[in-house]
Number of protein chains: 2
Amino acid sequence: MAQSQLRPPTMADVARLAGVSHQTVSRVLGDHPNVRDETRARVLHAIEEMGYRRNSSARALVTRRTRTLGVVASDTTLYGPASTLFALEEAARAEGYLVSTVSLRKLTVETLSEALDHLSEGGVEGVVAIAPQRSAVEALAELRHPFPVVTVGSGPGVGIPCVNVDQYMGARLATGHLLAAGHRTVWHLAGPEDWQEAADRAAGWRATLEEAGVEPPMSLRGDWSPLSGYRAGQELAGWVGRGLTAVFVANDQMALGVLRALREAGVRTPQDVAVVGFDDIPESEFFAPPLTTVRQDFSAVGKRSIALLLDLIEGRDPAGTPRFAIEPQLVVRASTFPYTADPGAAPT
Amino acid sequence: MAQSQLRPPTMADVARLAGVSHQTVSRVLGDHPNVRDETRARVLHAIEEMGYRRNSSARALVTRRTRTLGVVASDTTLYGPASTLFALEEAARAEGYLVSTVSLRKLTVETLSEALDHLSEGGVEGVVAIAPQRSAVEALAELRHPFPVVTVGSGPGVGIPCVNVDQYMGARLATGHLLAAGHRTVWHLAGPEDWQEAADRAAGWRATLEEAGVEPPMSLRGDWSPLSGYRAGQELAGWVGRGLTAVFVANDQMALGVLRALREAGVRTPQDVAVVGFDDIPESEFFAPPLTTVRQDFSAVGKRSIALLLDLIEGRDPAGTPRFAIEPQLVVRASTFPYTADPGAAPT
DNA sequence: GCATGAATTGTTAGCGCTCACAATGACCTC
DNA sequence: GAGGTCATTGTGAGCGCTAACAATTCATGC
């Protein structure tokens, strides 16, 4: 059954046991058609007997294919990046690829460069960079790397192929929802300056207001964290009674902070101020009150990114692979209406 | 500068350009001491000139070291697993290892077995399994694999080396805190039956009550999700006024659901019922009210897991590597006291 | 019964690297 | 100046596998 752990068995060992040449073993493993059934069975039995496993390094050396992809990400404990990471790995595994991840605390030219070097040392055939900051994508564009790179969440523009959820559309859904509910205007708490997604969401908000003939009010800025939302919420609370009845917050975590600040200021949600978030993190449904938000299809993002990357790696024309404009979806809950549906019965 | 992409340059190409043997190039790359400075400079220049990168497969083939570790995990979009994953990758990278992750939707014998096969095909030298379900660890114990495996969050017992936060201690901190605040007894909403951490937290809760001479009340069970917490919270609300004044919830997400259910039932927190969670997810501080909870040091978990795994891989005696009993920390917020500290000024 | 081609199997030559060892030359020591 | 040591560099083998080609076997058809 098992065998001495001193040295794992090689193809030649298996071949000897099965009474064939090592090449026949290779053919069996490679599902080559021209192997007699009886021979194949004998080889498979020998493989089983010795607990043989093909040496991936030797294989990679001669085929020049490591079947490994790299992912560079940051903020991987946040719901969005974590979901993207998960979707990427799942999609890559479905294609038979292994995924090596590098999670960075900060995305700078230096850390990105080190990450790509590290992945390159590991022999990845291509990399997906979850690089939602503009500066990160620009850094990426400058860096030399011996493999194709695809970005997620960066928007087009710097010439690196990318896959995106349509943030602009999502913001329009959110803002339009509030206008349709009768609010005269909608305020906005934006994400960090440098983030493409924050810019796109702000642009969608602004465009929707302008189309409705409304002058966009001053917009605030946070850093995605609940704390920054809390601080902004304190400021927003001061505008209640002076035209502020609805806020579109650029992500759910900040919306959580806003809700707390409003509550502490004695402002009721949604009666006094309606709030919409973005992301639909699992907790949103249980906020006080449950949060209306915009859901993104991370699974689609993962699949398309991997498809695009593999096109690039295998020299196929990526034109046929769809990428932009993965459509987000509005999820309406109690933070915008006196809405009390039983949780769990909420739309999925 | 760059060179024709037809075939990447090899060590021999670099050697030719530098006028040395391939072995000298290898020595330069390997930081071997006995190379003349002038020679080293010449080689480095040639490397730069050709854009040479060492072929990891060839290197791995001869050294029998891929310098890649595997991680198997599930629920990677949850805060705990995501944090652990991040910490593992960071710790492994610090040791010069690449990390390949497999994220599973469900941990069963089949999926685990496939995951280990997949990682094995990829040539990992060892695997960390984030396997908090008992059934998963048992499955793992049965599976054959040609590399060492370390588990995280599983508790000892099945003979697989493991690293853990002291969940029992964390539960004692939480329960003790409530008793010290004057509550006569503490109810418990436990995590899923099969989870070791859920069992440990329940045991810590029970032991603390028993030591205080209190008969533990009926305990409820959820599945970690906010929804299950909400349902349990509805049930708990029915016991208010009949001895229920404090609840220790086994994680923050369920606590969020409990808070919502209590609020909807007209029960005030903390005045009527105090609530403590577990995990300290970033959102907890902004719940309504901000949640008292137990924080775990995932970074320590990551470092120790990797240290232990590397001990195993390199045949060192792992006895010297500390592993159990990473101590958790109580974070007190408004859900257990009328406590209104400014967020951000909270302990970090 | 033997040529003919297809199916099956074996042989050989690397893939690009590191290791072990050999060779070279500079510098001492007595 | 012979012999020894050390630093530096080169040579050859081989890691385990796949690709290309060569060799063998086997079933046909006439």
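Not measured: the values here are computed from a predicted model. Each chain gets a letter, A, B and so on, in the order its sequence line appears, and its residues count up from 1.
By the side chain to side chain donor-acceptor pair (under 3.5 Å) test, A/E142 is found to be paired with no residue, residues two or more places apart in sequence or in another chain being considered. Residues satisfying the side chain to side chain donor-acceptor pair (under 3.5 Å) criterion with B/S74, sequence neighbours excluded, are absent altogether. Here A/T151 pairs with A/S154 under the side chain to side chain donor-acceptor pair (under 3.5 Å) rule; sequence neighbours left out. With sequence neighbours left out, the side chain to side chain donor-acceptor pair (under 3.5 Å) criterion links B/S120 to A/R53. For A/A300, the side chain to side chain contact (heavy atoms under 4.5 Å, CB included) partners two or more places apart in sequence, or in a different chain, are A/D297, A/I326.
Sorted by residue number, the members of residues 20-43 of chain B with any non-hydrogen atom under 4.0 Å from DNA chain C read B/H22, B/Q23, B/S26. For the segment residues 56-67 of chain B, residues with any heavy atom less than 4.0 angstrom from an atom of DNA chain D are, sorted by number, B/L61, B/V62, B/R64.
With a heavy-atom cut-off of 4.0 Å to chain A, the contacted part of DNA chain C has its first and last nucleotide at C/dT8 to C/dG16.
If one axis is set at each end of the helix from C/dG1-D/dC30 to C/dC30-D/dG1 from five pairs, those axes are 50° apart, to 10°.
Among residue pairs with one or both ends in residues 23-38 of chain A, those qualifying as salt bridge (Lys or Arg N to Asp or Glu O under 4.0 Å) are A/E38-A/R42; sequence neighbours excluded. For the salt bridge (Lys or Arg N to Asp or Glu O under 4.0 Å) condition, the pairs that include at least one residue of residues 96-115 of chain A, sequence neighbours left out, are A/R105-B/E90. Applying the salt bridge (Lys or Arg N to Asp or Glu O under 4.0 Å) test to pairs two or more places apart or on separate chains, those with a residue in residues 124-137 of chain A are A/R65-A/E125.
Between the side chains of A/S100 and B/S100, at least one donor N or O sits under 3.5 Å from an acceptor N or O.
A straight line from CE of A/M11 to P of D/dC15 spans 15 Å, rounded to a whole angstrom.
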